[in-house]
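For ligands, and for the atoms within them, numbers begin at 1 and follow the listed sequence.
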Amino acid sequence: MLKTAADNLRVRRYRKGWILMDLIDTTLSMDRWEDLIHDAETGVVSEPLENVYRKRGTAFDVIFVGGGAGGRFGSAYAQARGLRQLVIDKWPFLGGSCPHQACVPHHLFSEAAREMDYMRWNSDTLWFPKFEEERASIVDMITLFKKGRNNAHAFMNWQSKEQLDMEYILNAEAIVIDKHTVEVNGERFTTQSLVLATGTRTHFPPEIAGLDKAGVYDFATLIDPGLDYEPTSCVIIGGSKVAMEYGSFFQATGCHTTILTRSALMRTESLHHVDEDLRTYVVDNMRLRGMDIIEGCEPLEVVGDDRAAGVLVRLADGTEEVIETDFVFIGTGERPNTKPYVDALGIEVDKKGFVKVNSRMQTSVEGVYAIGDLIGSPMEMFKARKCGMTAARNISGEAFEFDFTEFPDFLHTTYEVTWVGLTEQEARDAYGDISVIQMPPKGIRHEELSLPLAEGSMLYGFTRPELTGFQKCIYDNKSRRLLGAHHCGFGAKDAFQYLDHLIKKGITIDEMGEMNELFLNPEHFIQLSRLRAGNPDLQDL
Ligand code: KPC
């Protein structure tokens with residue numbers, strides 16, 4: 001019989017009924033971690049994986065319930081500040097849904113979508129082979145992801161243990177008893193402070209009938225248990241980022257995709273500062289790739305016997321129709337499950353169940369903190385991680401506030417779409433006298449201009465100029481400060497992390513013009529700003 005990772009590890013029985021895998025004195029290689037996580041995922045190992053200094057007892061300064069990005073970064077920060085921390089997760093790895101079902105597969109699929117889009121536009125030209133749609137398989141991509149994802153999981157466990165010296169219990173449910181007590185595997189651990197970090201799940205709108213039918217998926221079930229057939233078409237219910245991102249991927253594989261959304265794409269409540277010109281370019285380009293986007297409609301029911309066969313929708317004009325499909329994907333946003341915390345602790349939550357916190361991540365109950373997706377939008381990595389850090393700083397005695405009202409944002413279609421600061425309209429309303437620098441400039445049709453042109457868009461520039469992307473930045477003419485930047489294209493996302501910081505520091509067009517571009521820089525903002533920076537009176541470009 002093949003030995004499993006579990007066979008090679010010491011299993012300690014503490015007391016009758018308490019069995020766990022004690023890892024504190026063992027250094028596992030990446031390979032061994034991968035094997036162990038695999039064993040836990042397949043049920044070969046069912047006991048908790050524990051990295052706890054038992055000799056120090058079971059009392060902690062802070063327990064993080066949930067070891068995703070917020071819980072892991074909060075734990076690392078708490079540990080570094082000299083607090084004794086414990087982080088607990090039901091999955092056999094730290095890092096949460098990001099590397100398991102969410103951000104990492106989304107990025108893999110979005111990169112695949114971009115590659116397939118590129119291959120399609122260039123099919124059977126130059127050195128490109130003819131694009132073979134039958135080889136573009138959604139199931140193959142899911143299989144590829146699932147085969148590789150434990151590597152990142154293994155690394156999170158290894159880094160947290162060997163480099164960050166974090167204490168953790170994985171593969172075990174945490175039950176919050178009261179604000180000082182958490183039960184795991186029948187054993188009680190005590191804590192001074194408690195941090196809730198258990199994230200969210202897709203919201204399946206109860207008013208839409210038939211969402212329990214086979215053939216209905218969300219981003220999580222697409223991966224686990226996983227889509228097990230190659231769909232012929234897809235109907236997406238909802239117009240969230242998830243809807244746009246996964247929809248663009250499905251469409252790129254050749255699975256014709258229809259998005260049914262109440263609000264217009266990128267005009268949903270959860271997104272702010274979306275410039276109308278950017279939005280138009282993005283949505284037009286999704287349609288150009290063949291997607292059907294039906295806005296202002298109301299999906300009513302997934303029809304079919306036990307399997308989805310279509311979606312009944314009420315259109316904006318009040319008529320109803322069934323859009324046939326064998327694959328329904330839900331992209332209507334996410335909700336938390338906070339009932340156990342309300343019941344055990346009496347913490348305040350909002351109408352959708354998100355935990356109410358102040359800027360120090362403190363809930364309505366003293367000593368209890370909540371972080372990450374559990375507290376609502378934006379459900380982005382920077383926020384989760386910095387929420388964890390904020391909680392840890394406050395628990396360690398520092399009065400530290402985290403304001404995430406302004407942040408750089410992004411999504412994928414077959415493009416990378418990213419934005420920060422004010423839209424043109426918002427800037428006009430707030431400042432009146434502004435300059436807009438954009439590419440293509442107003443008055444030039446994209447079909448007649450191959451710019452913007454840079455990494456990732458060079459071939460388009462010489463084949464289909466209108467596909468090269470769109471960009472815009474906005475200055476306040478009086479202070480000459482950068483107010484906002486907006487981009488659809490390739491390779492500029494990282495720049496927006498720094499632009500966000502620079503905008504908050506008050507960077508001016510003159511300082512922008514002083515920067516050293518690495519030509520052809522995907523956002524073009526430096527050279528375009530420099531062309532205007534010499535003018536005492538700023539103008540559009
Ligand atoms: C591979 C990768 O960085 C994505 S998973 C991140 C999880 S965590 O570091 O805990 O935020």
Side-chain angles (χ1 to χ4, degrees), residues 30-31 33-34 37-38 40-41 49 51 62-80 85-112 141-142 144-172 174 195-201 219-220 223-224 241-242 245 334 361 369-375 377-393 402 404 407-408 410-412 416 493-494 497:
M30 282 287 292
D31 281 354
W33 264 123
E34 276 200 54
I37 292 165
H38 180 263
E41 286 172 337
L49 311 180
N51 189 55
V62 51
I63 292 182
F64 290 83
V65 178
R72 201 173 87 88
F73 274 69
S75 286
Y77 218 91
Q79 209 286 341
Q85 60 66 231
L86 175 66
V87 56
I88 305 158
D89 203 282
K90 67 179 189 317
W91 277 331
F93 50 83
L94 292 165
S97 62
C98 159
H100 197 57
Q101 296 170 332
C103 336
V104 176
H106 143 220
H107 278 76
L108 175 68
F109 299 158
S110 292
E111 189 168 307
M141 287 306 297
I142 293 167
L144 180 75
F145 168 68
K146 285 173 82 164
K147 200 157 164 272
R149 69 179 167 179
N150 279 353
N151 186 259
H153 298 339
F155 180 70
M156 298 301 148
N157 289 3
W158 179 87
Q159 183 194 58
S160 303
K161 181 177 184 303
E162 306 303 334
Q163 296 189 307
L164 302 171
D165 203 19
M166 280 163 42
E167 293 186 63
Y168 54 73
I169 303 175
L170 307 176
N171 208 30
V195 183
L196 307 173
T198 41
T200 53
R201 304 166 173 204
F219 73 89
I223 309 289
D224 296 305
K241 278 188 188 181
V242 167
E245 290 167 336
E334 295 178 47
M361 305 304 126
Y369 296 72
I371 62 175
D373 292 354
L374 203 60
I375 66 169
S377 292
M379 296 188 199
E380 295 293 345
M381 194 55 112
F382 82 91
K383 192 206 77 187
R385 289 170 168 169
K386 288 177 71 180
C387 280
M389 179 185 82
T390 303
R393 289 175 85 147
F402 174 30
F404 49 84
F407 54 91
F410 81 100
L411 59 81
H412 289 107
E416 174 192 276
K493 188 172 126 190
D494 284 356
Q497 300 168 145

Please state whether the rings of F109 and F145 are parallel, tilted or perpendicular, taking 30° and 60° as the class boundaries. perpendicular

Just wondering, are more than 12 heavy atoms of other shown residues or ligands nearer than 6.0 Å to CD in E162? yes

The atoms of ligand 1 lying under 4.0 Å from a heavy atom of G95, numbered in the order shown, are 7 (C), 10 (O)

Give the numbers and elements of all ligand 1 atoms closer than 4.0 Å to a heavy atom of A69. 10 (O), 11 (O)

Could K241 and F410 be counted as a cation-pi pair, given that NZ or CZ must be under 6.0 Å from the ring centre and within 45° of the axis? yes

For atom 6 (C) of ligand 1, what's the nearest protein heavy atom and its distance? R385 NH2, 3.5 Å

Subset of ligand 1 atoms that lie under 4.0 Å from at least one heavy atom of P99: 5 (S)

Counting each atom of ligand 1 from 1 as listed, which ones have a heavy atom of F73 under 4.0 Å away? 8 (S), 9 (O), 11 (O)

Please answer whether the main-chain N or O of H412 pairs with a side-chain N or O of E245 as donor and acceptor at a distance below 3.5 Å. yes

Heavy-atom gap F155 to ligand 1 smaller than 4.0 Å: no

For atom 9 (O) of ligand 1, the protein heavy atom that lies nearest, with its residue and separation: R72 NH2, 2.9 Å

Stepwise side chain to side chain contact (heavy atoms under 4.5 Å, CB included) check, K161 with W33: CA-CA 11 Å; K161 181 177 184 303; W33 264 123; 4.3 Å; yes

Would you call the rings of F402 and F382 parallel, tilted or perpendicular if under 30° counts as parallel and over 60° as perpendicular? perpendicular

In ligand 1, the atoms that come under 4.0 Å of a heavy atom of M381 are 6 (C), 11 (O)

Which protein heavy atom lies closest to atom 3 (O) of ligand 1, and at what distance to 0.1 Å? M156 CE, 4.0 Å

Using 30° and 60° as the class boundaries, would you call the ring planes of H153 and F93 parallel, tilted or perpendicular? parallel

Min over G372, S97, C98 of heavy-atom distance to atom 5 (S) of ligand 1 lands on C98

